[in-house]
Peer 1: 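The structure under discussion is supplied below as structure tokens; questions concerning it will follow.
Worth knowing before you read on, the calculation uses all heavy atoms, side chains too, and leaves out hydrogens, waters and symmetry mates. Here is how names work: the chains are called A, B, and so on, in the same order as the sequence lines, proteins then strands, and each is numbered from 1.
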2 protein chains.
Amino acid sequence: MSKAAKTSERILRAAEKLFSEKGYEATSLREITQLAEVNLASVNYHFGSKKGLIQAVLERYQRVFMPALSAELKLLEATQNITTERILTCFIGPLAALEEVRQGGAEIYLKLLGYGYSEIQGHLRKFTMNRFGDVVQHAFRLFTLANPHFAAETLFWRLHFALGTVLFVQVSGKALNEIARADFSDPNPELFMTQRLLPYVAAGISAPEL
Amino acid sequence: MSKAAKTSERILRAAEKLFSEKGYEATSLREITQLAEVNLASVNYHFGSKKGLIQAVLERYQRVFMPALSAELKLLEATQNITTERILTCFIGPLAALEEVRQGGAEIYLKLLGYGYSEIQGHLRKFTMNRFGDVVQHAFRLFTLANPHFAAETLFWRLHFALGTVLFVQVSGKALNEIARADFSDPNPELFMTQRLLPYVAAGISAPEL
DNA sequence: CTTCGTTTAAAACAGGTGTTTAAATACACC
DNA sequence: GGTGTATTTAAACACCTGTTTTAAACGAAG
């Protein structure tokens with residue numbers, strides 16, 4: 001079963017696991033090919049370069065997540081009942097849908113994004129905006145509808161703060177969970193998202209302007 | 001004037017600049033020694049290893065920031081008027097005080113912390129807690145006083161969310177500012193902290209529990 | 001001036017990186 | 001079944017990494 005998968009698929013699965021655990025630069029092609037039980041050169045054969053592999057790994061998740069998010073946003077917009085919390089909730093379903101590309105897919109995707117933002121500065125952002133800029137802008141438009149009294153600049157920064165909160169927590173999640181587990185009970189990932197992260201982020205975004 | 005400084009000082013100044021710009025792993029000792037106009041081997045002579053250099057760079061800032069923060073916290077505790085916003089404001093002055101170790105010191109320090117949390121997982125946290133755990137615990141105690149109705153677990157997570165927000169924004173700040181500058185006016189760093197980040201973070205921390 | 005511990009200097013070390021090459025194999029199609 | 005393309009393989013490539021070595025230069029004390 002494990003040996004049955006085609007080479008490029010085995011590379012992708014090994015790569016997304018290691019990338020999400022240690023980041024892109026800290027993961028070598030030799031680690032990836034070793035875990036995938038595949039020859040080193042096959043990475044460059046199938047994906048051209050390490051950068052190409054990184055993009056391929058990310059794109060697999062984006063192509064599932066972004067359309068699903070887009071659908072949720074359109075659904076919400078039709079209800080005419082747009083609040084910050086409701087917009088944020090639109091992200092939950094599409095994240096959970098990533099389980100279909102792999103077990104733990106939501107967590108992996110967020111970590112890939114997190115490392116992407118701190119390591120390959122700008123590249124990931126441009127890559128995302130080029131391919132899914134319309135979805136991002138749609139979300140932004142809904143946020144302005146939910147907070148019509150905010151200056152565009154305020155909302156711009158707060159949404160990036162929110163992104164930062166989510167990505168940072170995900171990237172340093174292992175270390176955090178080790179500390180938390182010492183004092184508190186083990187958190188269910190999905191509940192963690194809706195019960196812990198979402199209230200914090202929603203309150204931050206909707207905080208009154210000075 | 002530039003050539004006058006002693007070797008180890010020149011290494012530290014070059015290292016903290018490059019580390020804060022590109023992260024620890026992405027910065028090589030050869031880049032550092034080249035910028036410092038110093039021989040490569042002198043890093044290992046003065047600091048033992050690259051890890052030793054990283055710790056030395058960080059410690060220089062911690063030794064200024066942490067005592068200043070501790071003083072602010074004690075001052076606040078004496079007032080008997082403890083709110084989330086006031087605790088967060090305690091961080092502003094000590095951050096600004098880092099300008100005395102170097103111009104732009106506050107920004108450098110936060111970036112050093114940010115990269116530390118995503119790269120050298122856990123090490124930085126243990127290092128900080130070992131040396132300044134009392135200050136951290138003091139801050140945590142004040143936050144529980146300001147939010148007495150919260151479960152300890154809730155506050156634990158929200159404070160880490162807040163840390164994540166600040167560090168992520170700082171680390172990806174260059175890219176963010178480039179986007180922001182295209183649409184908005186240039187933000188003053190100190191005002192950015194107090195007028196933009198602090199309201200978001202304070203509202204997130206104090207958000208009502210579900 | 002000489003001596004001795006500290007500091008700098010150039011070079012080499014051992015190991016790891018992404019990538020490329022060229023030959024061997026697998027596989028589909030006529 | 002043989003042919004030709006697609007894929008896999010092992011090896012080498014060129015470069016970069018942190019660290020160590022050995023010798024030279026420095027600077028203060030006797």
Peer 1: Parallel, tilted or perpendicular for A:Tyr109 and A:Phe65, by the 30°/60° rule?
Peer 2: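 Ring orientation, 0 to 90° scale: tilted.
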Peer 1: Atom CD of B:Gln34 to atom P of D:dT17: distance rounded to whole Å?
Peer 2: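 Distance, rounded to whole Å: 10 Å.
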Peer 1: Take atom CZ of A:Phe47 and atom P of D:dT7, then tell me their distance rounded to the nearest Å.
Peer 2: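 That distance rounds to 12 Å.
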Peer 1: Between atom CD1 in B:Ile32 and atom C1' in D:dT17, what is the gap in whole Å?
Peer 2: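 In whole Å, D:dT17 C1' lies 12 Å from B:Ile32 CD1.
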Peer 1: Can you measure A:Asn44 atom CG to D:dT8 atom P for me and round it to whole angstrom units?
Peer 2: 13 Å
Peer 1: When every nucleotide of nucleotides 4-17 of chain C is labelled 5' to 3' by its protein contacts under 4.0 Å (heavy atoms), B for base, S for sugar-phosphate only, - for none, what sequence of letters results?
Peer 2: --SBBBB-B----B
Peer 1: State whether A:Phe150 and A:Arg158 meet the cation-pi test: NZ (Lys) or CZ (Arg) under 6.0 Å from the six-membered ring centroid, and within 45° of the perpendicular axis.
Peer 2: yes
Peer 1: C:dT19 P sits how many Å from A:Ile11 CD1, rounded?
Peer 2: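 The distance from CD1 of A:Ile11 to P of C:dT19 comes to 13 Å, rounded to the nearest Å.
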Peer 1: When the aromatic ring centroids of B:Tyr200 and A:Trp157 are compared, is their separation below 6.0 Å?
Peer 2: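 No; A:Trp157 has its ring centre 6.0 Å or more from that of B:Tyr200.
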Peer 1: Run the salt bridge (charged side-chain N to carboxylate O under 4.0 Å, His left out) test against B:Arg131 and tell me which residues pass, sequence neighbours left out.
Peer 2: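 If we apply the salt bridge (charged side-chain N to carboxylate O under 4.0 Å, His left out) test to B:Arg131, skipping adjacent residues, the hits are B:Glu59.
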Peer 1: Should the ring pair A:Phe168 and B:Tyr117 be called parallel, tilted or perpendicular, given that the plane angle runs from 0 to 90° and is split at 30 and 60?
Peer 2: tilted
Peer 1: Rounded to the nearest angstrom, tell me the gap between atom NZ in B:Lys22 and atom C1' in D:dT17.
Peer 2: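 It is 13 Å, rounded to the nearest whole Å.
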Peer 1: Given side-chain hydrogen bond (donor to acceptor under 3.5 Å, both in side chains), test A:Tyr115 with A:Glu25 step by step and report yes or no.
Peer 2: CA-CA 9 Å; A:Tyr115 282 114; A:Glu25 314 207 330; over 6 Å; no
